[in-house]
Amino acid sequence: MCCTRREAHGVIEVADAAFYYDETQPLFRDVTLNVKKGETLAVLGVNGAGKTTFIKCLMGFLKLKSGYVRIDGARADAQGPSAFWKRVSYVPQAKYATFGFSVTDMVVMGLSPYIALGSAPKKEDYNKAREMLGSLGLSAIADKPCTKISGGQLQMVLIARALIKKPQVLIMDEPESNLDMKNQMKVLEIIKWLNRQHLSIIINTHFPAHALRVASQSLIIGNNEHIAGPTEHIVNEANLEKFFGVQSEIIRSGHKDGGAWGVVPFELADPLKLEDLKL
Ligand SMILES: Nc1ncnc2c1ncn2[C@@H]1O[C@H](COP(=O)(O)OP(=O)(O)OP(=O)(O)O)[C@@H](O)[C@H]1O
């Protein structure tokens with residue numbers, strides 16, 4: 001059966017991508033991958049490996065040193081910001097809010113590519129925002145200032161802000177890192193549901209089990225090398241030891257919805273020398 005060019009080549013195409021801050025220490029090079037419609041790619045790697053840098057390059061916040069990114073068939077660096085941000089939503093790592101916008105105002109801001117410059121949001125925009133907050137179980141904090149909610153609540157609000165404009169592509173930087181167990185599950189459920197709505201998603205994550213659960217493809221960025229491919233080939237015990245220096249056991253539960261995964265780390269490949277620590 002025939003398919004559209006986008007389905008064949010991916011909604012997000014990355015070709016031969018390379019980036020460094022310091023030329024002698026490239027963070028990644030020759031990264032080539034395709035994320036198709038309705039697929040999730042998980043990006044993993046140790047702290048400082050370059051995961052955030054990679055997604056900043058995808059969104060044009062940083063310019064690749066070589067290679068290119070295509071979103072929906074068009075070079076990302078050739079699309080105007082308005083066209084680009086109608087297609088793509090970004091959920092940054094939520095630490096704390098510095099501006100005291102209300103939660104509802106923050107979510108309405110997600111519609112900014114559709115609100116003409118100098119115009120105020122309409123009543124229907126606020127209604128959409130309240131509906132989105134309701135769907136994510138956040139109605140109780142709708143009127144609070146973002147400076148007075150927790151880091152995890154802010155993370156969920158930023159997800160609501162990203163989804164309100166109905167993007168084709170969602171890029172999330174460690175969306176579950178700040179969240180309690182239930183909210184982590186909510187984020188994973190949201191990702192799977194969005195895939196079923198044909199969104200293409202990239203998440204940076206520190207949870208290999210989450211990659212196994214929601215991502216059909218994974219990229220692990222390491223020191224001087226990377227690997228990418230189907231998640232079950234990439235996120236395995238050998239690669240967790242190689243790229244993270246941790247010996248672990250991967251366990252699959254018999255959960256009804258495609259299975260849930262557990263990654264049990266049991267030993268550092270390079271143990272700490274705590275006997276040298278003078279307390
Ligand atoms: N603006 C910058 N200038 C120079 N070096 C930077 C800059 N931003 C980040 N780096 C360095 O680039 C490397 C990759 O950083 P990045 O934030 O992409 O890592 P990460 O994999 O997302 O880490 P984490 O898991 O800790 O969030 C780190 O060594 C970091 O110190």
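Counting from 1, the numbers follow the sequence of the chain as shown. Since we're looking at a predicted model, the values are computed, not measured. Note that these values count all heavy atoms, side chains included, but never hydrogens, waters or copies made by symmetry. All ligand and atom numbering here is 1-based and tracks the order in the structure.
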Q) What residue and heavy atom of the protein are closest to atom 10 (N) of ligand 1, and at what distance? A) Y21 CE1, 3.4 Å
**Q.** Contact check, K56 vs ligand 1, heavy-atom distance below 4.0 Å
**A.** no
Q. Side chains of D143 and S102: donor-acceptor distance under 3.5 Å anywhere?
A. no
Q) Cut-off 3.5 Å, side chains only: do Q217 and T231 have a donor facing an acceptor? A) no
Q | atom 19 (O) of ligand 1 touched by protein heavy atom at under 4.0 Å | A | yes
Q: Determine, for D77 against R75, whether the closest basic-nitrogen to carboxylate-oxygen distance falls under 4.0 angstrom.
A: yes
Q) Considering distance alone, does some N or O of G50 sit under 3.5 Å from an N or O of ligand 1? A) yes
Q: Nearest heavy atom to atom 21 (O) of ligand 1 wins, so pick from K51, Q25, E174.
A: K51
(Q) Within the 4.5 Å heavy-atom criterion, are F19 and R29 side-chain neighbours or not? (A) no
**Q.** Verify atom 30 (C) of ligand 1: protein non-hydrogen atom under 4.0 angstrom away
**A.** no
**Q.** Identity and distance of the protein heavy atom lying nearest atom 16 (P) of ligand 1
**A.** T53 OG1, 3.6 Å
Q: Work out whether the distance between some heavy atom of V46 and some atom of ligand 1 is less than 4.0 Å.
A: yes
Q: Around atom 14 (C) of ligand 1, find the nearest protein heavy atom and jot down its residue, atom name and distance.
A: G48 O, 3.2 Å
Q: May I ask whether G45 places a heavy atom under 4.0 Å from ligand 1?
A: no
